[in-house]
Amino acid sequence: MATATAVAAQLPKDETLRCWERDQAQLKADVIEQDTEEWQSNPSFSGLERVGGVDLSYVKGEDTSACASLVVLSYPDLEVLYEDCRMVVVDAPYVAGFLAFREAPFLVEAVRRLEERQPGLRPQVLLADGNGILHHRGFGIACHLGVLTGLPCIGVAKNLLQVDGLANNELHKEQIQDLQAGGDTFPLLSISGRILGMALRSYTKSTKPVYISVGHKMSLQSAVRLVHSCCKYRVPEPIRQADIRSREYIRKHAEGTSAALSRPVRMSEDADSEQ
DNA sequence: GCGACAG
DNA sequence: ATCTTGTCGC
């Protein structure tokens with residue numbers, strides 16, 4: 001089993017990237033792109049009871065202050081069973097193709113915390129913001145999270161990562177226009193003809209698709225069906241809830257911070273003058 | 001110079 | 001990711 005050792009924020013940039021590439025290559029050896037759980041093989045996913053979603057939201061001005069969130073929803077009802085939001089200090093920079101080295105450590109930690117506190121609520125599959133094997137080196141954040149947590153994982157990207165011949169060109173736009181109803185899809189093919197992922201019209205009222213790719217321990221067919229079955233709106237509910245709750249947490253955290261800043265100033269003279 | 005750039 | 005309110009339309 002490979003280990004993610006690159007904490008290389010202090011090293012020179014190309015040194016850091018080489019380090020990250022090496023870690024991606026090592027972890028990639030452990031990716032499984034086939035269904036590995038019983039529930040994945042039946043049409044209604046019977047046996048599937050918990051779906052997880054993770055996300056990071058950033059504090060508006062800052063580049064290092066963020067809220068990492070993990071939610072677990074019931075399936076198929078999509079009710080929130082578990083929520084974990086926590087402020088974190090993000091040290092690694094965002095570099096396209098290396099998103100996982102910036103965000104995954106906090107998300108993996110959140111999964112570990114859940115396993116310790118509420119092992120019975122461990123999700124059976126995890127949805128991640130971003131891509132799986134649809135990636136420059138075939139190892140996006142959904143693969144990264146899957147390997148490090150051991151969970152089946154699906155990548156759901158809101159924008160197309162243009163790699164391996166994939167492009168947001170006229171052909172692509174035509175293919176999008178051909179998606180008529182919710183549930184319609186078209187494959188995302190690499191230059192060599194391999195299927196890297198699927199564009200899915202996840203919500204009838206939204207023209208813009210989401211881009212689904214395999215993360216870990218799951219086939220693309222299962223991934224697409226599962227994501228679609230988790231959609232009340234364009235973004236699948238587990239990720240949407242993680243997103244909503246991490247933003248809300250930041251909003252409240254900001255109030256608490258400003259209150260804490262103004263309070264000590266008053267305290268010295270407020271003790272007797274307050275009603 | 002121009003386009004790309006998951007989050 | 002974030003800057004950003006209301007608004008026009010199905």
Side-chain angles (χ1 to χ4, degrees), chain A residues 9 13 17 20-21 24 27-28 31 53-70 85 87-108 110 126-146 153-170 172-173 180-182 188 190 196-216 223 227 233-236 238-251 253-254:
Chain A
K13 184 164 181 180
L17 296 189
W20 285 353
E21 276 185 7
Q24 277 183 337
L27 291 169
K28 183 179 175 182
V31 173
V54 288
D55 189 42
L56 246 74
S57 293
Y58 294 83
V59 176
K60 53 180 178 182
E62 267 53 67
D63 197 43
T64 61
S65 182
C67 174
S69 67
L70 162 65
C85 290
M87 294 305 298
V88 297
V89 176
V90 182
D91 47 3
Y94 171 67
V95 182
F98 298 95
L99 173 64
F101 292 93
R102 178 168 164 83
E103 299 195 342
F106 308 105
L107 305 176
V108 171
L126 195 59
L127 305 195
D129 243 321
N131 297 292
I133 65 169
L134 170 37
H135 179 267
H136 303 76
R137 289 163 298 281
F139 196 78
I141 189 170
C143 301
H144 201 115
L145 287 174
C153 200
I154 302 171
V156 183
K158 294 183 282 295
N159 293 98
L160 178 65
L161 181 59
Q162 314 199 116
V163 64
D164 238 327
L166 295 176
N168 188 15
N169 52 25
E170 288 312 311
H172 186 73
K173 287 169 182 162
Q180 293 302 315
L188 303 165
S190 71
L196 300 181
M198 284 282 211
L200 165 72
R201 180 160 180 167
S202 52
Y203 182 48
T204 308
K205 293 179 184 170
S206 179
T207 282
K208 188 172 181 176
V210 293
Y211 300 98
I212 299 172
S213 56
V214 167
H216 191 46
V227 168
Y233 305 100
R234 183 171 87 104
V235 175
I239 290 178
R240 187 170 161 269
Q241 287 301 325
D243 182 68
I244 290 173
R245 284 155 199 261
S246 56
R247 294 169 114 129
E248 182 69 4
Y249 190 87
I250 285 178
R251 203 179 60 75
H253 188 268

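Chain naming here is simple, since letters A, B, ... match the order of the sequence lines and numbering starts at 1 in each. Worth knowing before you read on, the calculation uses all heavy atoms, side chains too, and leaves out hydrogens, waters and symmetry mates. What you see is a predicted model, and the numbers here were worked out from it, not measured in a lab.
- A search for ring-ring contact (aromatic ring centres under 6.0 Å, His included) contacts involving Tyr233(A) returns Tyr203(A), not counting sequence neighbours.
- Under a 3.5 Å cut-off, the side chain of Arg234(A) and the backbone N or O of Pro209(A) do form a donor-acceptor pair.
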Item checked: Letter per nucleotide, 5' to 3', of nucleotides 4-10 of chain C [B base touched, S only sugar-phosphate touched, - untouched; heavy atoms, 4.0 Å] -> -------
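- The salt bridge (charged side-chain N to carboxylate O under 4.0 Å, His left out) test applied to Asp164(A) returns no partner, not counting sequence neighbours.
- With hydrogens and angles ignored, the 3.5 Å screen pairs a side-chain donor or acceptor of Arg201(A) with a backbone N or O of Gln180(A).
- Nearest heavy-atom pair across Leu107(A) and Ala68(A) is CD2-CB, 4.4 Å.
- A 4.5 Å side-chain heavy-atom check between His172(A) and Leu188(A) finds at least one atom pair inside the cut-off.
- Contacts between residues 196-206 of chain A and DNA chain B, counted as heavy-atom distances below 4.0 Å, involve no residue at all.
- Ring planes of Phe98(A) and Phe101(A): tilted class, angle from 30 to 60°.
- Looking only at side-chain heavy atoms (C-beta outward), Val163(A) and His135(A) stay at 4.5 Å or farther from each other.
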Notebook entry, point to check: What one-letter contact string describes nucleotides 2-7 of chain B from 5' to 3', where B marks a base within less than 4.0 Å of any protein heavy atom, S marks contact via sugar-phosphate atoms alone, and - marks no contact?
Noted result: --SSBB
Next item on the list: Convert the base pairs of DNA chain C into dot-bracket notation, remembering that pairs crossing earlier ones are written with [ ] and that bases paired across to another strand are shown as |; include only Watson-Crick or G-U pairs under 3.5 Å.
Entry: ..........
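- Between dC5(B) and dT2(C), the distance separating the two C1' atoms is 15 Å to the nearest Å.
- The nearest pair of heavy atoms linking Leu126(A) to Gly53(A) is CD1-N, 3.9 Å.
- In this structure a side-chain-to-backbone donor-acceptor pair under 3.5 Å is present from Gln24(A) to Gly97(A).
- Side-chain atoms of Val156(A) and Val235(A), non-hydrogen and from C-beta on, never get closer than 4.5 Å to each other.
- A side-chain donor-acceptor contact under 3.5 Å links Ser69(A) to the backbone of Ala242(A).
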